[in-house]
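Notes for the one structure printed next.
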Amino acid sequence: MTQMKPTRDGFGEALVELGRTNKDVVVLSADLTQSTRAAWFKEKYPERFFDFGVAEQDMFSTAAGFALCGKVAFACTFGIFASGRAWDQIRLSVCYMNLNVKIGGSHGGISVGPDGASHQALEEITLMRVLPNMTVIVPCDVVEAKLATIQAASYPGPVYLRLGREPFPIITDEKKPFRIGDAIVLREGKDLTIFACGIMVHEALKAHDELKKEGVTARIINLHTVKPIDKEEIIKAAKETGAIVTAEEHTVVGGMGSAVSEVISENCPVPIKMVGIKDRFGESGEAWQLMKYFGLNSDGIVKAALEVMKLK
Amino acid sequence: MKQLNIEELKEIAKEIRKDVLKMLAEAGSGHTSGSLSCVEIIVSLYYYKLQHDPKNPKWPDRDRFILSKGHTCPPLYAVLAHRGFFTHEELLRLRRLGSILQGHASLFTPGCEASTGSLGQGLSISNGIALSARLDEKDFRVYCLLGDGEIDEGQVWEAAMTASHYKIDNLCAMLDYNKQQIDGWVCDVKNLEPLKAKWESFGWHVIEADGHDFKQLMDAYDEAESIKGKPSIIIAHTIKGKGVSFIEKDAVSYHGTAPKKADLEKALKEIEERG
């Protein structure tokens, strides 16, 4: 039985570790301290923890002030409030000054479930990757989330970490190499390549096995870093497999799929299909019910794979 | 830092005003009237209060000045040039492609501590700097200049609450209360009064001063530094466009407009004569 844990837990574990190893790390929260797992840091290092109440804009500009003094400021809230409500603060106070502010955006994606559209962040990858100097990471499981958070602390400039609320299956381990910016090939294949991030990496692996039954071999790539994007691995995949599917728990407008297609269309045009939310808001429902409803599962990926193969 | 007397400070303010007008006329665009209203606030800070070293702009123990009303960067740039952070010639490259003097305050300028321009963010940035000083057990102070139109922004009041909640007493905000914003008189656009009571109710120590009177400003800076356990704000009553009568009369039009080169001599002459 696959173990399950939310990616936000990996973030919280990493914050505690960073608190111990790096005295310059400070953690900021906007009244979502338990939910974002910032509470685990607060418990150990209360003097370096700051709560802003429900004031995200204030929090991000204050994080910039900390970073101007050499701190590594982790600012945590729900993804929707970080990327949406405080976008201008992240743009001007954080990105324009290229500061060491690391954003823990939890409760990303449709899998937030019953809270409905107001809380389902489906646009953060788009909103964050358009900002110069920003790095955008979408970890696929708790282990990767922890590694990404720890590396983010020493990675130069602003970093956005997209984290999930629901437990995701654990599919990586700490010994496997992880480097911000380097896509990871999880399965080899020659008929097409499936790029996935977040929970969709697990679904892509399932799709790989199902496609195999149909005689299709799919290369599976974990594209955890959406920006800076691993162009080399994408171009290689396009050249060698000739068709691409992207899978993300996010809108297809400007998201990871768009980022991949920007690379492909400029360098090695091949057919592409994007699995994601199709330019609409979410709605209430149970997490896995919604994932199925919006086609964000292995069935959706298999369907897209078979369609894109016909375009080759 | 050598302490200057009030007559000397007045002479410097004159020079800064003249530089501001020359810079803006040369650039052909920029924010004139709000730049002229905050000259004494910035001059008294840099020549009386702010611990800084132009030869070592990143000195870790320096006091910080955050220009939250980032559009009125010309007087800051002029003061930084006068203090020796960069050469005087740079001033005439304001807003030019490749210049270190961007159209709104930016970290690219030596001596400038933060990029601002989208209003309402500077007080939060100042809080972060002030809290860092506390964590690092450093005793530098943070000064933040706000515009009156700017404090329409909700984020300013979020930051005001943060500063009093965390008892940030190494912070002094200054409000350039020139009573006018782009759409007209502040009291007509969105009334801020009772302003002193507002800040007091947010937990701040409030000092009111004539924002063109050096004695009052210096006393206000000293008083702010003496207040412990809460942040301080100096509400500086100012005149938008101060120093040039045709700009004062038409301060709203000159909010985002530079003086014409043809009007420059007249303006410079008036500053010289009025003192």
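Every chain is numbered from 1, with letters handed out A, B, ... down the list of sequences. Atoms considered below: every heavy atom in the structure, side chains included; atoms not considered: hydrogens, waters and symmetry mates.
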Between chain B and each of [options], count heavy-atom pairs under 4.5 Å; write down the option with the most.
options: A/S93, A/A64, A/A73; result: A/S93
options: A/L28, A/V54, A/L99, A/D51; result: A/D51
options: A/D88, A/V26, A/D24; result: A/D88

Residues [X] and [Y] bridged, charged N to O under 4.0 Å:
X: B/K138; Y: B/D61; value: yes
X: B/D53; Y: B/R62; value: no
X: B/K49; Y: B/D63; value: no

Inset, instruction - Start with the C-alpha distance between A/F81 and A/H119, add both sets of side-chain angles, then the distance that settles ring pair (Phe, Tyr, Trp, His ring centres under 6.0 Å), and finish with yes or no. - result: CA-CA 9 Å; A/F81 306 131; A/H119 282 55; 5.4 Å; yes
Legend entry - Portion of B/R134 that has a non-hydrogen atom of chain A nearer than 4.5 angstrom: neither
Legend entry - Working for salt bridge (Lys or Arg N to Asp or Glu O under 4.0 Å), residues A/E262 and A/R129: CA-CA 13 Å; A/E262 285 160 16; A/R129 83 180 182 93; 2.7 Å; yes
Legend entry - Test side chain to side chain donor-acceptor pair (under 3.5 Å) applied to A/E249 and A/S111, step by step: CA-CA 8 Å; A/E249 188 198 351; A/S111 60; 2.8 Å; yes
Inset, instruction - Using the side chain to side chain donor-acceptor pair (under 3.5 Å) rule, take B/N127 and A/T62 through it: C-alpha gap first, then chi angles, then the decisive distance, then the call. - result: CA-CA 6 Å; B/N127 283 339; A/T62 309; 5.0 Å; no
Legend entry - A/F50 portion near chain B, given a 4.5 angstrom heavy-atom threshold: both
Inset, instruction - Using a heavy-atom cutoff of under 4.5 Å, enumerate the residues of residues 99-114 of chain B that contact chain A, numbered in order, or state 'none'. - result: B/Q102, B/S106, B/L107, B/F108, B/E113, B/A114
Legend entry - Steps toward ring pair (Phe, Tyr, Trp, His ring centres under 6.0 Å) verdict (B/H52, B/F65): CA-CA 10 Å; B/H52 67 289; B/F65 172 54; over 10 Å; no
